[in-house]
Amino acid sequence: MELSRRTFHALAGTATLGFALTGSGSPTSAGTARSVPTGPPPPVPRADGRRHEVGFDRYSLLVDGRRLVIWSGEMHPFRLPSPSLWRDVLEKMRAHGYNAVSVYVAWNHHSPAPGRYDFTGVRDLDLFLRTAAETGLYVILRPGPYINAEVDAGGFPGWLTATEGRARTSDPTYLRYVDEWLTAVNAIVAKRLFTRGTGTVLLYQIENEYDAHVDEPSGRAYMSYLYEKVRADGIDVPLFHNDKGRNGHWTPGSFGTGGEKGRWLYGFDGYPEPDEVPPDWGHFGTGGAKGGATASPRTPGFVPEFGGGWFDPWGGSWFDGKGYAEARRTRDAAYERRFYLTNLANGITLHNVYMTYGGTSWGWLPAPVVYTSYDYGAAFDEARNATPKLATMHQIGQLLRHVPDLAKLNRGKAVQAADERIKVYHLANPDTGAHFYLLRNDSEETVTSTLPDAGIDVPVTVPARDAKLIAAGLRLGRRTLVHATVQPMLSLTAGRQDIAVFAGRRGDLAQVVLDCPDEPTPMRLDPEPAWAYNLGKLYVTAPLGVGELSRVRIESDGVDTPMLLLFADDATAVRLWPYETPSGRLLVYGPALLRSAVLRGSTVHLTGDTTALTGLEVWGPRGITHVTWNGRPVPTRISGSGSLLALRPLPGVTRPALPALDGWRRRAGNPESEPDFDDSDWTTADKETTFSTTPVPGGQPVLFADDYGFHYGDVWYRGEWTGDSGIESVSLAYSTGTQGLLMAWLDGEPLGTHRMPVPDKERARQGTWTAEAGFDLPERLRKKLREGEPEQRHVLSVLVRRMQHDMDGEALDTHKAARGLTAVTFEGGSPRVKWRIQGATTPDPVRGPMNNGGLHGEREGWHLPEYDDGDWKDAGLPAGDRRQGVTWYRTDFRLDVAPGVDASVGLVLDDDPERAYRVQIFLNGWNLGQYINDVGPQHTFVLPNGIVRTRGANTLALAVLSDGSTPSGPGEVRLTLLGAAAGGVPVKPV
Ligand code: GAL
């Protein structure tokens with residue numbers, strides 16, 4: 001209870017807030033909630049060395065007694081293996097109005113073996129947390145231990161699949177390993193808590209979507225255990241869980257000490273389809289049976305995950321093979337407005353969009369359900385580019401940051417639009433008198449309607465399947481907005497004037513009505529706006545998107561400070577950058593991104609990105625006379641709107657040229673298929689028992705790869721026997737994730753390749769992707785066997801691309817389903833086979849355990865840049881040979897991207913889709929993904945800067961698995977430019 005007591009004192013001691021705390025004394029009680037006034041939002045968070053209080057009531061979080069609406073985006077540091085670029089993404093998020101970043105921490109990414117934990121290099125969690133704090137973002141930390149997240153085994157390390165004990169329960173063996181993980185991760189997190197002033201970690205999640213054992217003692221004991229463990233490790237911020245699907249699971253008080261009131265938030269997630277009517281899941285809605293925020297009326301509405309896109313399985317079946325571009329098209333800016341504004345209108349004040357930057361499931365990270373790209377159709381694409389979806393996020397984010405009235409909303413009296421196709425949510429702030437109306441149009445036509453019930457008799461337009469938030473009675477600086485027909489985006493004071501921005505769709509007619517006691521003298525600074533004054537009200541209208549920014553200055557209306565009204569359409573609004581500095585606020589207009597602003601003397605130093613020739617305009621505190629952009633002075637003049645206006649545009653970017661990929665060299669890479677290959681140092685596969693959920697067939701040894709310490713990527717098996725010359729066929733039972741395959745050779749002769757079919761639903765649910773690959777020996781081989789010596793030695797070589805472990809979403813231990821061979825039977829003989837197995841050897845100390853599997857080339861370092869391929873054969877692409885096996889291709893290329901240019905480079909592979917082959921892509925030794933030519937849909941692979949040297953030499957190695965049934969590629973292999981900006985962040989080689 002310590003924290004809640006401290007929070008209580010902090011609140012009670014804030015005399016200026018002027019509210020009485022009586023009754024329960026808990027800041028979470030609804031009675032108290034009414035007493036906490038709206039107030040200004042907390043300042044931008046930093047590691048400021050001060051202690052902070054984090055509490056909440058039913059409206060919102062309370063940080064040091066001030067209301068905070070969380071507008072968060074999800075990104076996964078483990079899906080961007082270049083720490084320098086974490087800063088890039090975080091700065092972009094912060095600039096676009098997000099105030100928090102939510103991160104899963106994947107146990108498997110940090111732990112190659114029991115007792116071994118690595119937080120260095122691309123695993124440097126502390127660096128990520130420090131960067132977030134430097135950027136001014138709160139962090140919502142979600143280290144599991146189970147995370148789901150479309151990663152291998154739902155984040156469980158590979159080695160856990162071979163341990164005793166039921167995962168995701170209170171089983172003591174499992175909890176012992178959980179302790180190891182949480183101890184390691186919490187040691188880092190405890191040092192970066194916002195409460196301590198040493199970081200910005202604000203909230204912490206335990207488990208994820210845990211709905212399997214909710215009503216069982218072992219489930220409750222497990223959750224309590226996690227809660228106590230995290231508290232014991234010194235994590236004193238509010239904890240929460242992410243309830244799968246608004247079931248009302250794990251609400252405060254629902255699981256022993258773990259549900260302790262006052263320090264535990266209830267959260268649930270939602271991933272609605274675009275054609276759904278947005279659901280009312282918050283305090284103001286019904287939330288279903290017991291679901292949504294209604295399940296926990298005393299904690300603020302919290303969605304730890306709300307769909308910001310969706311993932312796509314192999315073959316691209318979710319988006320008709322069109323990939324993530326289609327995810328982005330169907331979950332576009334209008335989707336975000338409809339759903340996210342509905343969330344806000346339902347009292348959700350902690351809002352995290354999953355994903356905001358999806359990134360890359362590189363190496364063997366992706367769960368069986370996804371391919372390499374985890375772009376997700378998110379607001380930032382995998383290549384770190386801003387997409388049009390940011391228009392919505394930016395406008396709502398800036399609004400929440402600058403207009404505190406939204407942090408404390410009650411439902412207002414029912415209001416109907418004149419046109420009933422518009423659904424209206426009416427919200428009111430009890431302290432400030434501000435009203436908000438969310439107008440949502442779920443119909444297929446654009447609707448223009450008035451809101452007579454709210455006294456809004458000017459028409460407001462809402463496009464088909466879109467939404468719009470309008471405000472009334474809202475304080476804007478020193479004036480009051482009567483109402484407006486477009487959404488307010490921000491209100492701030494810069495220097496001598498108040499500035500308010502209104503934003504909407506291109507073609508919207510914005511009308512802003514202000515209370516003006518005296519008739520003002522507006523000043524038109526751009527051609528579009530017009531105005532009229534009548535009975536103490538000023539009516540300003542501006543068509544959006546005719547020009548760029550439309551400016552009107554209002555003065556002499558009886559208020560001593562002038563007001564600047566700015567009107568912007570989506571494309572313009574996304575280039576307006578408010579920025580807080582210790583000496584006052586700034587508003588910058590023009591560039592594609594503003595990263596930072598520092599005031600020194602009379603100069604404001606700006607850094608950011610431009611993608612094309614652009615103007616620059618700065619409204620700032622008094623006394624600012626000079627501007628620099630990325631270190632260079634920018635000559636300016638003072639404009640009519642009181643800004644510093646650049647005399648010349650800022651330069652755009654020269655798109656760098658990329659070299660062609662040629663000079664390929666190749667080498668066959670499956671010597672294991674040869675009978676005389678030396679496998680004496682391989683592991684003998686002779687275990688008799690396993691902790692796997694897959695049964696071991698009677699009379700056979702355990703062949704499951706995980707039982708021999710091979711957890712990721714390909715595994716080879718070699719079975720050896722003598723005699724038995726009558727063998728006619730062999731049947732190889734095996735188990736993999738989606739798109740697994742098996743290739744077999746007998747005495748060096750290919751028997752064939754078998755591809756894992758998609759199992760039925762129930763088997764997929766169990767994580768059991770098993771199949772039997774039956775191979776009849778070709779007559780030639782049978783003859784050879786028959787004609788050989790009676791005690792002839794035979795070798796059956798098998799390569800299994802086993803793909804990944806099941807995610808165990810239902811807590812059935814399905815991550816322990818076997819991977820690799822499971823049973824081998826023969827016809828025409830019953831040889832006594834001695835099996836040996838080989839997979840990835842020592843994990844790469846830098847790239848980590850999930851970078852490599854057990855291909856011969858990987859074991860020999862053929863993927864590494866330092867490997868000398870001088871004796872390989874020259875090869876031209878496209879290739880077209882027909883063989884079963886592994887072939888490696890390598891080439892080097894140099895990039896020469898100008899300093900100060902952030903170029904995002906991708907690798908494209910393409911070929912005749914009939915060709916049955918796949919490619920593992922290694923850039924400078926990093927396994928950046930898997931291309932399956934005849935499955936798709938991914939053809940473009942993002943190469944993150946830091947791994948790719950943008951000024952220097954790079955080595956690309958491709959490991960090609962071809963099944964011999966068709967000619968095999970690679971076909972076309974080329975570099976492509978996915979984005980370019982002048983600016984960026986300094987990038988250190990990884
Ligand atoms: C959620 C889950 C996430 C992720 C997401 C889909 O239900 O919590 O981990 O799997 O679905 O991308």
Side-chain angles (χ1 to χ4, degrees), residues 16 37-44 66-69 95 97 99 136 394-395 397-407 429 431-434 471 473-482 484 487-503 512 514-518 520-523 525 538 540 549-568 573 576-590 594 596-599 602-604 606 617-625 627 638-645:
T16 48
T38 298
V44 175
R66 295 197 197 180
R67 297 202 170 279
L68 173 70
V69 180
N99 61 7
H394 188 90
Q395 288 168 34
Q398 309 296 359
L399 177 69
L400 293 171
R401 183 178 289 170
H402 291 88
V403 177
D405 310 63
L406 286 145
N429 182 302
D431 306 322
T432 66
L474 182 67
R475 278 306 272 181
L476 296 176
R478 291 157 186 82
R479 290 170 182 76
T480 302
L481 172 76
V482 180
Q487 198 166 303
M489 173 171 135
L490 58 83
S491 159
L492 56 79
T493 303
R496 257 181 260 268
Q497 60 189 353
D498 291 337
I499 303 180
V501 179
F502 289 86
V512 170
L514 291 178
D515 262 334
C516 278
D518 300 339
T521 45
M523 190 161 53
L525 301 161
L538 178 70
V540 183
L549 196 61
S550 300
R551 304 158 182 84
V552 178
R553 186 164 149 127
I554 299 157
E555 45 199 338
S556 317
D557 56 345
V559 182
D560 56 3
T561 305
M563 162 165 251
L564 183 65
L565 285 180
L566 301 178
F567 296 93
L576 274 167
W577 309 103
Y579 202 92
E580 290 104 295
T581 75
S583 346
R585 285 172 185 271
L586 295 168
L587 182 64
V588 175
Y589 172 56
L594 179 76
S596 69
V598 175
L599 297 178
S602 57
T603 304
V604 53
L606 305 175
E617 186 164 9
V618 184
W619 292 270
R622 291 178 210 190
I624 299 299
T625 50
V627 178
I638 297 175
S639 78
S641 72
S643 62
L644 291 175
L645 189 65

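Just so you know, residue 1 is the first one in the sequence shown, and it goes up from there. Being a predicted model, the structure only gives us computed values, none of them experimental.
Going from atom CG of D405 over to atom OG1 of T432 covers 3.5 Å, rounded to the nearest 0.5 Å. Taking CZ of F567 as the start and CE of M489 as the end, the distance is 13.5 Å to the nearest 0.5 Å.
Within the 4.5 Å cutoff, side-chain heavy atoms of L68 are placed close to those of N99. Contact of the R66 side chain with the P43 side chain is registered, since non-hydrogen atoms from C-beta on lie closer than 4.5 Å. In this structure, R551 and S639 have side chains that are not in contact, with every pair of non-hydrogen atoms separated by 4.5 Å or more. Side-chain contact check for L587 versus L490: some heavy-atom pair is nearer than 4.5 Å. Taking 4.5 Å as the limit, some side-chain heavy atom of L514 sits within range of a side-chain heavy atom of L476. Looking at I624 and V618, their side chains never come closer than 4.5 Å, going by heavy atoms from C-beta outward. Between V540 and F502, the closest side-chain pair of non-hydrogen atoms is not below 4.5 Å.
For R475, the side chain to side chain donor-acceptor pair (under 3.5 Å) partners are T480, not counting sequence neighbours. In this view, W619 satisfies the ring-ring contact (aromatic ring centres under 6.0 Å, His included) rule with no residue, not counting sequence neighbours. Applying the side chain to side chain donor-acceptor pair (under 3.5 Å) rule to D557 yields the partners R479; only residues at least two apart in sequence or on another chain are considered. Partners of S491 under the side chain to side chain donor-acceptor pair (under 3.5 Å) rule, at least two apart in sequence or in another chain, do not exist in this structure. Applying the side chain to side chain donor-acceptor pair (under 3.5 Å) criterion to S583, with sequence neighbours excluded, gives no partner residue. R553 is linked by a salt bridge (Lys or Arg N to Asp or Glu O under 4.0 Å) to E555, counting only residues two or more places apart in sequence or in another chain.
When every heavy atom of T493 is checked against every heavy atom of D498, the shortest pair comes out as OG1-OD1, 2.8 Å. Listed here is the closest heavy atom pair of D560 and R478: OD1-CD, 4.1 Å.
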* Mind running side-chain contact (heavy atoms from CB on, under 4.5 Å) on L586 and L594 for me, showing each step along the way? => CA-CA 11 Å; L586 295 168; L594 179 76; 5.8 Å; no
